[in-house]
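Below is one structure, written out as structure tokens; comments come after it.
Residue numbers start from 1 in every chain, and the chains themselves are labelled A, B, ... in the order their sequence lines are given, proteins ahead of strands. Side chains included, hydrogens not; waters and symmetry mates left out as well; all remaining heavy atoms used.
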There are 2 protein chains.
Amino acid sequence: MPAQLMPPLDNRALWAATGSCPIEATMEIVGSRAAMLIMREASYGTTRFDDFAERAGMAPATASAHLAELVAAGLLSRESYQEPGARRRAEYRLTESGVAFVPVILALFQWGAKYRAVPDGLTVAHAACGADVRVETRCTRGHEVPLDELAIRLSR
Amino acid sequence: MPAQLMPPLDNRALWAATGSCPIEATMEIVGSRAAMLIMREASYGTTRFDDFAERAGMAPATASAHLAELVAAGLLSRESYQEPGARRRAEYRLTESGVAFVPVILALFQWGAKYRAVPDGLTVAHAACGADVRVETRCTRGHEVPLDELAIRLSR
DNA sequence: CAGGATCCCTAAGGATACTG
DNA sequence: CAGTATCCTTAGGGATCCTG
């Protein structure tokens with residue numbers, strides 16, 4: 001039905017020219033289910049160790065390992081802080097590159113909501129105006145780009 | 001630095017209300033590196049078995065297993081065809097839901113290109129006008145939504 | 001609360017070889 | 001070309017228990 005997306009090309013020639021594939025590089029960091037769920041939680045505002053483990057439904061050891069990896073990869077920051085009179089706590093927050101990762105989460109969310117999850121489920125909204133949010137593919141000239149009009153190329 | 005994204009909330013209450021998390025549901029299908037790379041290839045226009053295995057750099061058995069899974073999940077279609085005088089071939093193409101998955105690929109691409117891969121690497125362009133393409137978060141009223149103004153909610 | 005240590009176990013996936 | 005079959009290794013990740 002959808003004819004074809006982009007002319008067939010030999011990607012390996014392209015990857016060879018640049019040294020690495022951005023998608024593969026990304027998948028090396030968040031390619032596991034656990035890492036992606038941690039990023040989901042962080043995107044929802046979770047900051048505490050136990051909350052990550054509990055809400056993402058994983059063992060503390062798993063949460064620990066993946067939180068450390070994501071901190072090392074620069075997507076999360078770990079700061080320990082202490083409110084006066086309380087004990088020390090650690091908190092994990094999205095860094096700038098972590099925030100930049102949110103569109104990935106959103107794209108996964110959007111696809112799953114449409115093709116996998118129950119209808120009338122969750123939506124993501126623009127807090128300021130209340131309207132639903134979706135990810136769009138748009139070019140720098142402002143056109144919304146149909147998915148069959150994408151072309152990959154070397155930028156130089 | 002990026003303060004926080006969305007007010008902290010207990011997602012489990014939300015997931016319980018709807019039955020499943022769209023992101024988890026999506027990760028069950030394409031949560032493995034191999035499956036995602038197959039989707040990358042399909043998005044680039046690869047259609048033949050051997051090309052998938054070779055370009056995604058995986059053993060034929062692995063390619064076989066994941067192609068079958070993705071066909072079963074409805075993201076790819078498998079058709080065998082026969083050009084007159086030639087032998088039968090099988091070809092895998094994106095279905096409608098497979099095309100809808102492209103923004104995920106694009107978001108991963110965009111993040112990796114910015115934070116992981118070499119600069120001056122690959123870009124994705126709008127074939128019709130030549131300008132670079134990126135994924136944007138935009139609400140239905142047309143605002144481009146800063147990532148710290150997203151709010152998740154139950155749609156009913 | 002925020003983990004570290006240990007154990008175990010299964011599934012993902014590479015390598016190699018073979019077939020219609 | 002489009003796979004199947006077999007073997008084998010590793011990493012992901014659950015369960016449990018312990019600690020500052």
Open item on the list: Measure CZ/B:Arg48 against P/D:dC1 and give the value in whole Å, please.
Closed with: 6 Å
Task: Residues in contact with DNA chain C, drawn from residues 26-33 of chain B - heavy-atom cutoff 4.0 Å - done: B:Ser32, B:Arg33
Task: Nearest-nucleotide comparison on DNA chain D, the residue closer to the 5′ end among B:Phe49 and A:Met58 - done: B:Phe49
Task: Note, B:Leu76 side chain near B:Leu67 side chain (heavy atom, < 4.5 Å) - done: yes
Open item on the list: Quiz question: by atom type and distance under 3.5 Å, do the side chains of A:Ser77 and A:Glu79 form a donor-acceptor pair?
Closed with: yes
Task: Test applied, side-chain hydrogen bond (donor to acceptor under 3.5 Å, both in side chains); reference residue, B:Thr46; option that passes from B:Arg55, B:Glu54, B:Glu91 - done: B:Arg55
Open item on the list: What is the distance, to the nearest angstrom, from the CG atom on A:Leu67 to the C1' atom on C:dG4?
Closed with: 14 Å
- [ ] Look at the side-chain N and O atoms of A:Ser64 and state whether any lies under 4.0 Å from the OP1 or OP2 oxygen of C:dG3.
- [x] no
TODO: Verify whether one side chain among B:Tyr115 and A:Glu96 offers a donor that lies under 3.5 Å from an acceptor in the other.
DONE: yes
Open item on the list: What is the distance, to the nearest angstrom, from the CD atom on B:Glu54 to the C1' atom on D:dC1?
Closed with: 12 Å
Task: Between P of D:dA2 and CD of B:Glu41, the distance in whole Å - done: 15 Å
- [ ] Heavy atoms only: give me the nearest B:Pro22-A:Phe109 pair and the separation to one decimal.
- [x] CB-O, 3.5 Å
Task: Verdict with reasoning, A:Glu149 to A:Arg138, per salt bridge (Lys or Arg N to Asp or Glu O under 4.0 Å) - done: CA-CA 11 Å; A:Glu149 288 183 18; A:Arg138 199 174 278 266; over 6 Å; no
- [ ] Consider the side chain of B:Asp50, meaning its heavy atoms from C-beta on, and name the nucleotide among C:dG3, D:dA15, D:dC1 that approaches it most closely.
- [x] D:dC1
- [ ] Measure from the side-chain heavy atoms of B:Ala61 and tell me the nearest of C:dA2, D:dG14, D:dT6.
- [x] D:dT6
- [ ] Select base, sugar-phosphate, or nothing to describe what B:Tyr92 touches, counting heavy atoms under 4.0 Å on all strands.
- [x] sugar-phosphate
TODO: Take the protein atom CZ of B:Arg89 and the nucleotide atom P of D:dC1, then report the distance between them rounded to whole Å.
DONE: 7 Å
TODO: Please state how far atom CE in A:Met36 lies from atom P in D:dG13, giving the value in whole angstrom units.
DONE: 12 Å
TODO: Counting heavy atoms from C-beta on, name the nucleotide in D:dG14, C:dG3, D:dG3 closest to the side chain of A:Ala59.
DONE: D:dG14
Task: Between C:dA2 (P) and A:Arg55 (CZ): distance, integer Å - done: 12 Å
Task: Which nucleotide in D:dG13, C:dG3, C:dG13 has an atom nearest any side-chain atom of B:His66 - done: C:dG13
Task: Closest nucleotide among C:dG3, C:dG14, D:dT4 to the A:Pro60 side chain - done: C:dG3
TODO: Rounded off to whole Å, could you give me the CZ-to-C1' distance for the B:Phe52 and D:dA2 pair?
DONE: 13 Å
TODO: Identify, with sequence neighbours excluded, every residue that meets salt bridge (Lys or Arg N to Asp or Glu O under 4.0 Å) alongside A:Arg33.
DONE: B:Glu24
